[in-house]
Amino acid sequence: MNHFEFERDQERHQSASVNRRVFLLGAGSLVSLALAGQLTSRVLAAPKFSADPFSLGVTSGDPLPDGVVLWTRLAPDPLNGGGMTPERVAVEWQVATDEKMQKVVQRGTAWATPELAHSVHAEVRGLQPNRWYWYQFKVGAALSPIGRTRTAPAIGARLDRLAFAFASCQHYEQGLFTAYQHMAAEDLDLVVHLGDYIYEGGMSTSNNRVRQHNGPEIMTLADYRNRHALYKTDPHLQLAHRNFPWVVVWDDHEVDNNYAGVIEEHNAPREDFLKRRAQAYQAYYEHMPLRRSSMPKGPDMQLYRRLSYGNLAEFLMLDTRQYRTDQPCGDGSKVRCAEAFDPNATMTGPQQERWLLDGLSRSRARWNVIGQQVMMAQYDSGVGEEQKFSMDKWDGYPAARNRILSFLLNRRPSNPIVITGDIHSNWVADLKADFDNPKSATVGTEFVGTSISTSGDGSDTRPQVQAQLPENPHIKFHNSQRGYVRCHITPQNWQSDYRVVSAVTTPNAPITTRASFVVENGKAGAQRAE
Ligand code: FE
Ligand code: CA
């Protein structure tokens, strides 16, 4: 009975059947179609494509107990604006309980509009909690690949285990996305991306790049769309997207290196930068499985948000770029100047900070996961008496960090775990009430994950870091290879496995677990497993 929607009989997928089906959706859908109809004038009733419109793959994201967001973007010519004519197109979707899409449990139609680059964000509701589903899109005669997704457990429900991986920093030119090929084969409930999903820079002239960016530094909406499309054509990235639901937050390179709020890296005029930021945010929204609540409004976009996994884990996903005050002391790595101690300096903005602390107070989950971008633990890179800090990280915003760490110390939310990206290297750190006093309380644990590909092959250790580690006794581990972090959570403990590939400049590199660290329930701080 489910066959008629999606069967592979090409003749059935002529214009008339698409049109008819649009009007068979029921009253609620008719209302939303009518409303959507006011936005754009023309509907493409009989979509025909010069090439596969699903060239960018499919994904899902932001799981709730009863639904997920299903994403795709119609782009038969992905690197040249997408290749769609400027009409809106009805895209059908189906959700099934089997991988062959035979037991369909939900179906619907979503608009792909030219205003949003013919992206589709279908917010499915009415599914069962904590189970696998498969999904597929259809437009005209074209069928998308089948994706797999998983709903979150019911709110507060008992959950005995959760597996997820987190990743960041996938420079297209600097390495292959082999890590995603391995991630796709893992047994995971969820993938978390912590930023630098794309890089904004121009085509590199160096010839030791494995592949090249499409054009110069991206500045316009068209540029950002083409860059996202380039990244999304990677088959291993597509595979990881297809196999799991994703939760994404950005860092700086989705817009511009080391930007802070309204301030561009090189202090471009504020209005010019806000225009650029608006276009970058829009392209980001268009290419990610985000809910309508994250739809950008001009240069603003609501990205920080909460996800719950039963009574086991609460994910508080932060945006440490949009609301930041400028990096103090002229950015870079240096001895802190007075500006760094400004009590009004902020990484999150006051509103998000209240939301975070309030969320931690109210959470009843066993593990409270703070997903964010830049390293929270102190890292002194000045060997000897002198203390040198990176001004782009929490080290550049000590007052803001102290507010969070004192909250953890005084209010003791259950098992705070910070997961971080940004620095293209693996780290494990105890979060201390006072980093300069190794005897002070450990109030949380931070796992920093390396890049997928940024900075090329990397190496296990760096002599420079080895020399700096004695300055930082709360750091338990460092490694500079490429990969991702796989996490297994139970009510009793948290385990992080640092998965690293041997190379990203040559294809098919194997993956190994370089090290594993465990946090026991009720005991902040990581211990080496094995
Ligand atoms: Fe990066
Ligand atoms: Ca020092």
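Counting convention: from 1, in listed order, for ligands and their atoms alike. These numbers come from a predicted model, not from an experiment.
Residue contacts to the Fe ion (ligand 1): H424 brings an N, O or S atom closer than 2.8 Å. For H171, every N, O or S atom stays at 2.8 Å or more from the Fe ion (ligand 1). Metal site remark for the Fe ion (ligand 1): Y199 contributes an N, O or S atom at a distance under 2.8 Å.
For the Fe ion (ligand 1), the nearest N, O or S atom contributed by D196 is named OD2.
By the 4.0 Å N-to-carboxylate-O rule, R306 lies too far from D358 to be salt-bridged with it.
One N or O on the side chain of D196 and one on the backbone of H253 form a donor-acceptor pair closer than 3.5 Å.
Considering E265, E271, E217 in turn, E217 is the only one that fulfils the salt bridge (charged side-chain N to carboxylate O under 4.0 Å, His left out) rule with R276.
Applying the disulfide (SG to SG under 2.5 Å) rule to pairs touching residues 325-360 yields C329-C337, sequence neighbours excluded.
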